[in-house]
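These notes are about the structure you will find just below.
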Amino acid sequence: MRGLIVPALLASTLWGCATPSPMTWFFSPNHPEGARLALGVPGTDDLRVLALCRPRSGEIRLTVYGKRGDPPVLNLVSGKLTSRYPGAGVEYDEQSPGAVELQFHVPADDPVLARVADTGELTVLLGRRRLDLPNGFAQQHDFLSACRAPN
């Protein structure tokens with residue numbers, strides 16, 4: 001997964017920094033690692049969020065690219081629904097000082113994600129930082145449908 005981020009661009013992924021282009025959601029149902037949903041700048045390897053799952057597994061591996069000091073605790077918010085997940089943070093590499101990957105395991109049937117699949121509305125809270133993500137209704141819906149375990 002480390003090869004997905006160009007180190008020179010990673011510095012701009014630190015939330016709160018200016019971004020040259022708007023962020024867009026990208027869904028790939030047939031990525032080599034499984035279903036993949038990424039939020040990034042089109043035409044670059046500049047990512048903010050990366051979600052992966054084995055289709056129908058019911059589990060999502062969510063990576064948020066942040067900065068040193070961001071707590072490895074994720075709050076997902078959609079409307080009035082909130083879910084909280086502990087995770088782990090790792091420094092990205094020596095070429096991207098201060099950048100970290102915050103990784104979380106989230107069940108695909110999480111109620112917040114169910115609402116996201118219906119509305120496209122998602123906010124991520126990392127400590128005191130609030131990250132309002134752009135709406136990606138169709139891509140988010142398709143990703144969650146691919147990840148959910150069969151009933």
Side-chain angles (χ1 to χ4, degrees), residues 1-67 70-89 92 99-127 129-151:
M1 182 167 20
R2 294 192 186 282
L4 296 174
I5 306 297
V6 174
L9 294 173
L10 188 58
S12 71
T13 68
L14 301 179
W15 292 95
C17 296
T19 302
S21 301
M23 303 307 262
T24 303
W25 290 100
F26 300 94
F27 171 60
S28 174
N30 301 315
H31 190 270
E33 294 182 80
R36 179 178 187 253
L37 180 69
L39 175 64
V41 176
T44 73
D45 288 335
D46 185 6
L47 298 178
R48 299 290 195 268
V49 176
L50 177 63
L52 296 165
C53 76
R54 284 189 342 268
R56 307 286 177 234
S57 68
E59 289 290 322
I60 296 169
R61 185 176 74 209
L62 182 66
T63 301
V64 177
Y65 297 94
K67 59 184 175 182
D70 284 340
V73 176
L74 175 74
N75 287 291
L76 298 175
V77 180
S78 187
K80 294 182 180 183
L81 297 176
T82 301
S83 293
R84 182 180 176 100
Y85 295 98
Y92 187 69
V100 294
E101 292 179 7
L102 299 168
Q103 298 184 358
F104 307 91
H105 290 280
V106 178
D109 63 355
D110 176 285
V112 172
L113 296 182
R115 186 171 190 287
V116 168
D118 291 339
T119 66
E121 176 189 335
L122 179 62
T123 298
V124 172
L125 300 173
L126 292 171
R129 284 201 310 146
R130 178 183 179 99
L131 314 170
D132 293 310
L133 305 182
N135 189 306
F137 166 74
Q139 298 88 346
Q140 293 161 346
H141 180 273
D142 293 347
F143 175 75
L144 291 170
S145 293
C147 295
R148 288 188 181 124
N151 291 333

With sequence neighbours left out, what residues match T123 under side chain to side chain donor-acceptor pair (under 3.5 Å)? D132

Hey, could you give me the CD1/CG distance between I60 and L144, rounded to the nearest 0.5 Å? 5.0 Å

Could you tell me which non-hydrogen atom of D46 sits nearest to which non-hydrogen atom of M23, and how far apart they are? O-CE, 4.3 Å

Side-chain donor-acceptor pairs of residues 49-59 under 3.5 Å, sequence neighbours excluded:
from, atom 1, to, atom 2, distance (Å)
R56, NH1, S145, O, 2.2
S57, OG, R54, O, 2.8
S57, OG, E59, N, 3.2
S57, OG, E59, O, 3.2

Scan residues 71-81 for pairs that pass side-chain hydrogen bond (donor to acceptor under 3.5 Å, both in side chains), counting only residues two or more places apart or in two chains. S78-R115

Checking Y85 now: which residues fulfil ring-ring contact (aromatic ring centres under 6.0 Å, His included) with it, not counting sequence neighbours? none

Please round to the nearest 0.5 Å and tell me the distance separating atom CG of L113 and atom CG of D118. 11.0 Å

As an exercise, state the distance from CG of L74 to CG of L102, rounded to the nearest 0.5 Å. 8.5 Å

How long is the span from the CG atom in L81 to the OG1 atom in T119, to the nearest 0.5 Å? 9.5 Å

Find the distance between CH2 (W25) and CG (D142) and round it off to the nearest 0.5 Å. 13.5 Å

What's the shortest heavy-atom distance between Q103 and T63, and which atoms? CG-OG1, 3.7 Å

When every non-hydrogen atom of N135 is compared with those of E121, the smallest separation belongs to ND2-N, 4.2 Å

Minimum-distance pair of heavy atoms, taken over all atoms of G89 and P72: N-CB, 4.0 Å

Across all chains, not counting sequence neighbours, the side chain to side chain contact (heavy atoms under 4.5 Å, CB included) partners of P29 are F27

So how far is it from Q139 CD to L37 CG, rounded to the nearest 0.5 Å? 7.5 Å

Those residues at least two apart in sequence (or on a different chain) that pass ring-ring contact (aromatic ring centres under 6.0 Å, His included) with H141 are F137

Over all heavy atoms of both residues, which pair between P22 and P42 is shortest? Give the atoms and the distance, please. O-CD, 3.3 Å

